[in-house]
Amino acid sequence: MAHRCPDSKYLGRAVLAGFRIQINGRGYFNIVADATETVEGLCYVLSPADEASLDGYEGVDVDCYSKSEMKIELFEAPEHLRHRRVVEIVEDAELSTDATYIHNPRAGEGPGTSVNSLVYASVLHVSDGVAGNLYKQTVAQGVKDALKLGVSPMYLEDKLGPHIQVEGTVKQHWMLRKPRKALQTLKSNEGW
């Protein structure tokens with residue numbers, strides 16, 4: 001997001017209920033309806049220029065993705081991160097390692113706020129597919145930034161990880177270096 005929408009400002013972590021993440025038949029991430037699942041991501045404020053840029057990246061004008069307004073549950077970032085430009089947060093090592101939010105985003109977190117948000121999804125390309133290696137590498141950078149901004153490491157590992165393992169590697173650089181058992185211990189001990 002820092003690259004595609006350099007003026008974007010960070011609001012917090014978002015959860016979209018009733019959808020699951022997929023790699024579609026074109027080989028790109030998408031969301032599709034699934035009443036039993038949720039999708040976790042990040043929420044930003046976009047300038048008109050950033051929205052136009054994102055429309056171009058997402059292929060809105062050629063029907064690769066459509067954009068619509070959907071209800072999400074927003075978990076606002078701490079005040080010192082909220083409404084900061086994303087590029088500033090991901091480039092500032094001190095901000096992007098805020099242990100109270102980044103490494104345990106659910107600590108003390110109450111219920112989120114239901115808000116309308118712009119969401120991009122492909123409605124034409126909804127069959128499951130496989131991601132290509134170049135796309136996997138692009139997504140790996142996005143995941144690295146998502147970890148810095150508070151997306152749950154467990155969500156990334158469980159939902160995205162199986163789709164973007166680059167052939168020939170055991171684990172991606174963005175995935176946690178802790179063994180799964182340690183993650184489960186953190187999950188049970190820290191109220192994730």
Can you check side-chain contact (heavy atoms from CB on, under 4.5 Å) on Lys159 and Val39, steps first, answer last?
CA-CA 9 Å; Lys159 301 296 183 180; Val39 174; over 6 Å; no
Could you grab the distance from atom CZ of Arg84 to atom CG of Leu11, nearest 0.5 Å is fine?
14.0 Å
State, with a plain yes or no, whether a side-chain heavy atom of Tyr28 is found less than 4.5 Å away from one of Ile23.
no
Okay, side chain of Tyr10, backbone of Cys43: is any donor-acceptor separation there less than 3.5 Å?
no
Smallest heavy-atom separation, His83 atom then Lys9 atom, equals O-CD, 3.5 Å
Would you mind reporting whether Pro78 and Leu81 have side-chain heavy atoms less than 4.5 Å apart?
yes
Value for CG (Leu118) from CG (Leu54), rounded to nearest 0.5 Å, stands at 7.5 Å
Distance-only donor-acceptor check, side chains Asp55 and Tyr120, under 3.5 Å:
yes
Could you name each residue pair satisfying side chain to side chain donor-acceptor pair (under 3.5 Å) that touches residues 41-51, not counting sequence neighbours?
Glu51-Lys67
Between Ala146 and Leu42, what is the shortest heavy-atom contact and its length?
CA-CD1, 3.9 Å
Looking only at heavy atoms, what is the nearest atom pair of Asn30 and Val126, with distance?
ND2-CG1, 4.1 Å
What class does the angle between the rings of His163 and Phe29 fall in, given that below 30° is parallel, 30 to 60° is tilted and above 60° is perpendicular?
perpendicular
Between CD of Glu40 and CD1 of Ile72, what distance do you get to the nearest 0.5 Å?
11.5 Å
Evaluate Glu76 against Thr113 for side-chain contact (heavy atoms from CB on, under 4.5 Å), listing each step before the verdict.
CA-CA 8 Å; Glu76 288 188 341; Thr113 304; 5.7 Å; no
Met70 reachable from Val151 in the ILVMFWY side-chain graph, under 4.5 Å edges:
yes
I'd like to know whether Val115 forms a side-chain contact (heavy atoms from CB on, under 4.5 Å) with Lys71, so could you lay out the CA-CA distance, the side-chain angles of the two residues, the decisive distance to 0.1 Å, and finally the verdict.
CA-CA 5 Å; Val115 298; Lys71 285 267 188 216; over 6 Å; no
So, do Val45 and Ser8 sit near enough that their side-chain heavy atoms are less than 4.5 Å apart?
no
Does anything in residues 122-131 form a side chain to side chain donor-acceptor pair (under 3.5 Å)? List the pairs, not counting sequence neighbours.
Gln22-Asp128
Please check if Met1 and Leu74 belong to a single hydrophobic cluster, counting links between Ile, Leu, Val, Met, Phe, Trp and Tyr side chain heavy atoms closer than 4.5 Å.
yes
Return all side-chain donor-acceptor pairs below 3.5 angstrom for residues 56-64, not counting sequence neighbours, or 'none' if the list is empty.
{"from": "Tyr57", "atom 1": "OH", "to": "His3", "atom 2": "NE2", "distance (Å)": "3.4"}
{"from": "Glu58", "atom 1": "OE2", "to": "Arg4", "atom 2": "NH1", "distance (Å)": "3.2"}

Checking the side chain of Glu73 only, and the main-chain atoms of Gly112 only, is there a donor and an acceptor separated by less than 3.5 Å?
yes
The residue among Thr36, Val32, Thr38 that forms side-chain contact (heavy atoms from CB on, under 4.5 Å) with Asp34 is Thr36
Please report the C-alpha distance between Val119 and Ile31 in whole Å, then the side-chain angles of each, then the deciding distance to 0.1 Å, and finally whether the side-chain contact (heavy atoms from CB on, under 4.5 Å) criterion is met.
CA-CA 10 Å; Val119 175; Ile31 57 170; 3.6 Å; yes
